[in-house]
Amino acid sequence: VKVFITGSLGTLGSAVAAALSDRGHDTVGVDIRPPAEVTCDIRELSGPAGAAVFAGADAVVHLASLHGRDHMSRFGPDAFWDVNVEGTRAVYAAAAAAGVRRVVLAGSMAVYGPIPVKPLTSWRVVREQDPVTAYDSYSMTKLVCERLAQYHASRDGISTTVLRFGHFTPADVDHYGFRLLFGGVDVRDAATAVRAALCAPSGGDGDGSGAVVRALNIHALSPFTPRDLPALGADPVAALRGLRPAVLADLERSGIEAEPLLWGRALWPAEGALAALDWRPVWDFDRYAAARLAGDLSDYAGLAGPRWGVD
Ligand SMILES: NC(=O)c1ccc[n+]([C@@H]2O[C@H](COP(=O)([O-])OP(=O)(O)OC[C@H]3O[C@@H](n4cnc5c(N)ncnc54)[C@H](O)[C@@H]3O)[C@@H](O)[C@H]2O)c1
């Protein structure tokens, strides 16, 4: 299978290219920066040139985007619209012209509204069927991209899996480890979710009729369940201590304070993706804590990676 990946040099793009190559897929990276295999601005893909770029593609993984607070303060709303919406429109137009029937589109947890943060005490559980909202230039453009996917399903017979990812941006390892409890995901698990979405039945017919768009939340597996919401609302550190007393005590003894690291007051079960895809995330809080306590963080070297457009 020949897969084109936009944003191939970014945090997720590099992980997806590696995950697909591991399984023998043929990948072509498309990025605005060299050394991508195709160096181009996705906004220039509309028109005949775009179809030529995607010639021979069986699927497109569309990841290139401006995202997050860092990009927002740096680029502004016009750039967000331009890269995310015009760029996605051009990617779909090129995919349609090249006869592509399958796209995996990077969505975001941001479409469910602002991440609930402290001092909020009413924790919530977020699932795919929950209401979505556009509250800033990022969430708004991500929602428009999902609508564009629907448009191209009905117009061009392209089936899209939207993966609404949790947070995987490179970060301090302790921030990373604790965010896996409440809305984070390891980029390697995000990448295997992309691979699984490419391999899963698209839901549409091979000829493009009945093309569908489905959205799946992609998060790390957390030991907390909806039954823990009252305890989390009362005192999240105590709730964690209740589930992982020895681990938390050991982390505290090694100087790690849990409270400032408890990012996001919500649970994000990945059960929709677990049911729909042949995928199971393997990087979680327990694994981070074991490595942290053993003093071997070699598996987490990628967290020190650069952040495109920021560093
Ligand atoms: N980082 C997160 O935690 C997170 C969370 C949820 C969703 N997402 C989504 O996942 C996707 C990938 O995120 P990431 O963190 O890997 O991004 P990133 O910023 O690391 O990489 C983006 C890549 O896109 C390329 N790019 C930017 N504008 C381009 C253009 N006009 N034409 C061609 N290439 C362009 C950049 O050169 C870069 O290599 C994005 O769509 C993002 O919205 C990210």
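Every number for a ligand or one of its atoms is a count from 1 in the order of the listing.
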Problem - Flag for D186-Y176: side-chain donor and acceptor within less than 3.5 Å - result: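 Judged by distance alone, the side chains do pair up.
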Exercise for the section: Test R307 against D70 for salt bridge (Lys or Arg N to Asp or Glu O under 4.0 Å), laying out the working first. Expected result: CA-CA 10 Å; R307 292 193 285 160; D70 295 332; 2.6 Å; yes
Between ligand 1 and the protein, tabulate every N or O atom pair separated by less than 3.5 Å, reporting distance only.
| unit_1 | atom_1 | unit_2 | atom_2 | d |
| --- | --- | --- | --- | --- |
| ligand 1 | 1 (N) | T169 | OG1 | 3.1 |
| ligand 1 | 3 (O) | H167 | ND1 | 3.3 |
| ligand 1 | 3 (O) | F168 | N | 2.8 |
| ligand 1 | 3 (O) | T169 | N | 3.2 |
| ligand 1 | 3 (O) | T169 | OG1 | 3.0 |
| ligand 1 | 15 (O) | H67 | NE2 | 3.2 |
| ligand 1 | 16 (O) | T11 | N | 3.3 |
| ligand 1 | 16 (O) | L12 | N | 2.8 |
| ligand 1 | 17 (O) | H67 | NE2 | 3.0 |
| ligand 1 | 19 (O) | H67 | NE2 | 2.9 |
| ligand 1 | 20 (O) | T11 | N | 2.9 |
| ligand 1 | 20 (O) | T11 | OG1 | 3.1 |
| ligand 1 | 31 (N) | D41 | OD1 | 2.9 |
| ligand 1 | 32 (N) | I42 | N | 2.9 |
| ligand 1 | 34 (N) | I32 | N | 3.1 |
| ligand 1 | 37 (O) | D31 | OD1 | 2.5 |
| ligand 1 | 37 (O) | R33 | NE | 3.0 |
| ligand 1 | 37 (O) | W308 | NE1 | 3.4 |
| ligand 1 | 39 (O) | G10 | N | 3.1 |
| ligand 1 | 39 (O) | D31 | OD1 | 3.4 |
| ligand 1 | 39 (O) | D31 | OD2 | 2.7 |
| ligand 1 | 39 (O) | R33 | NH2 | 2.8 |
| ligand 1 | 41 (O) | L63 | O | 2.7 |
| ligand 1 | 41 (O) | K142 | NZ | 2.9 |
| ligand 1 | 43 (O) | S65 | OG | 3.3 |
| ligand 1 | 43 (O) | Y138 | OH | 2.6 |
| ligand 1 | 43 (O) | K142 | NZ | 3.1 |

Exercise for the section: Tell me, please, whether F80 has R74 positioned over its six-membered ring: NZ or CZ under 6.0 Å from the ring centre and within 45 degrees of its axis? Expected result: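 No.
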Practice task
Each residue besides W279 in its hydrophobic cluster should be listed here, by chain and number; the cluster joins Ile, Leu, Val, Met, Phe, Trp and Tyr at side-chain heavy-atom distances under 4.5 Å.
Solution key: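 Members besides W279, by chain and number: V1, V3, I5, L12, V16, L20, V61, L63, V104, L163, F165, F168, V185, V187, V194, L198, L216, I218, L221, L274, L277.
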Handout entry: Side-chain hydrophobic cluster, 4.5 Å single linkage: members besides V85
Key =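 Direct or chained contacts put V85 with W81, M140, V144, L148.
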Practice task
Sorted by first residue and then second, give each salt bridge (charged side-chain N to carboxylate O under 4.0 Å, His left out) pair with at least one member in residues 143-155; sequence neighbours left out.
Solution key: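 Salt bridge (charged side-chain N to carboxylate O under 4.0 Å, His left out) check on residues 143-155 returns E146-R164.
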